[in-house]
Amino acid sequence: MSFTVDQIVHKIDKPFLYVDYNELIEEDIIMLSKIDIKNDYFGVPVSLCEGLEVVGFQKDEDINGTRDDIIVEGVCILNKTGYFNHVKWVLKIDDKGIRYMSDFLEKGW
């Protein structure tokens, strides 16, 4: 059984934005965008602004090749970390942290 963002993207009223988990700056901060616009899951441009609530996602697979996407929830903030100054926007991850879709579907949002 696959656990994909496709299963929840229509049920949650927040933009779903791609993030690369290799771009984690701090435990709860991940790079989001160099510019003020980022396309969402559907390809629709989203204007990034301070405090915008979003869901970050990345497609992933388990060791058997079964899809189990990674998701986070959080808010957009300006990058004031002092690192990667070319990145304007970062995602401040909420207290639930980084999760796999399989965990989300079993335990709830």
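Note that these values count all heavy atoms, side chains included, but never hydrogens, waters or copies made by symmetry. Counting begins at 1 with the first residue of the sequence.
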Open item on the list: Could you work out, with side-chain hydrogen bond (donor to acceptor under 3.5 Å, both in side chains) as the rule, every residue matching N39, not counting sequence neighbours?
Closed with: none
Task: Non-neighbouring partners of K59 that pass side-chain hydrogen bond (donor to acceptor under 3.5 Å, both in side chains), sequence neighbours left out - done: none
Open item on the list: Checking N64 against T66: is there a side-chain donor and acceptor pair closer than 3.5 Å?
Closed with: no
Open item on the list: Please check if the number of heavy atoms outside E50 that lie under 6.0 Å from its CD is greater than 12.
Closed with: yes
Task: Minimal non-hydrogen separation, I37 against P45, with atom names - done: CG2-CB, 3.6 Å
TODO: Verify, without hydrogens or angle tests, whether N79 (side chain) and V87 (backbone) share a donor-acceptor contact under 3.5 angstrom.
DONE: yes
TODO: Check the pair I98 / L24 against side chain to side chain contact (heavy atoms under 4.5 Å, CB included), numbers first and verdict last.
DONE: CA-CA 11 Å; I98 298 170; L24 200 62; 4.3 Å; yes
Open item on the list: Is there a continuous path of hydrophobic side-chain contacts, each under 4.5 Å between heavy atoms, that joins V90 to L52?
Closed with: no
Open item on the list: For C76 versus C49, what's the shortest heavy-atom pair and its separation?
Closed with: CB-O, 3.4 Å
Open item on the list: For the CD1 atom of I93 and the CD1 atom of I71, what is their distance to the nearest 0.5 Å?
Closed with: 11.5 Å
Open item on the list: With heavy-atom distances below 4.5 Å as the criterion, would you say the side chains of D62 and F3 are in contact?
Closed with: no
Task: Donor-acceptor side-chain pairing of D69 and T4 below 3.5 angstrom - done: no
- [ ] Grab the two heavy atoms, one from D20 and one from N22, that are nearest each other, plus how far apart they are.
- [x] OD1-N, 2.8 Å
Task: Y100 OH to Q58 CD distance, which is reported to the nearest 0.5 Å - done: 9.0 Å
Task: Distance-minimising heavy-atom pair for L91 and G74 - done: CD1-C, 3.5 Å
Task: OH/Y18: more than 12 non-hydrogen atoms of other groups inside 6.0 Å - done: yes
Task: Residue pair G56 / Y21: nearest heavy atoms and the distance that separates them - done: O-OH, 3.5 Å
Task: Reported CG-to-CG distance for the pair D60 and D68, which is rounded to 0.5 angstrom - done: 7.0 Å
Task: Same apolar cluster: I35 and V54, side chain cutoff 4.5 Å - done: no
Task: side chain to side chain contact (heavy atoms under 4.5 Å, CB included) between V55 and L17, intermediate numbers included - done: CA-CA 6 Å; V55 177; L17 304 177; over 6 Å; no
- [ ] Fit a plane to each ring of Y41 and F16, take the angle between them on a 0 to 90° scale, and name the class: parallel (under 30°), tilted (30 to 60°) or perpendicular (over 60°).
- [x] perpendicular
TODO: Spell out, as yes or no, whether a donor-acceptor pair under 3.5 Å connects the side chain of E23 to the backbone of I30.
DONE: no
Open item on the list: Once salt bridge (charged side-chain N to carboxylate O under 4.0 Å, His left out) is applied, do any residues pair with K88, and if so which ones, sequence neighbours excluded?
Closed with: D36
Task: Interatomic spacing from CG in L32 to CG in L78 - rounded to 0.5 Å - done: 11.0 Å
Open item on the list: Check for me, please, whether V75 and L48 land in the same ILVMFWY cluster - side-chain distances under 4.5 Å, paths through other members count.
Closed with: no
Open item on the list: Can you tell me how far apart NE2 (H86) and CE (M31) are? Round to the nearest 0.5 Å.
Closed with: 5.5 Å
Open item on the list: Can you tell me how far apart CG (D94) and CD (E53) are? Round to the nearest 0.5 Å.
Closed with: 9.0 Å
TODO: Identify the heavy atoms of G97 and V72 that sit nearest to each other, and give their distance.
DONE: O-CG1, 3.8 Å
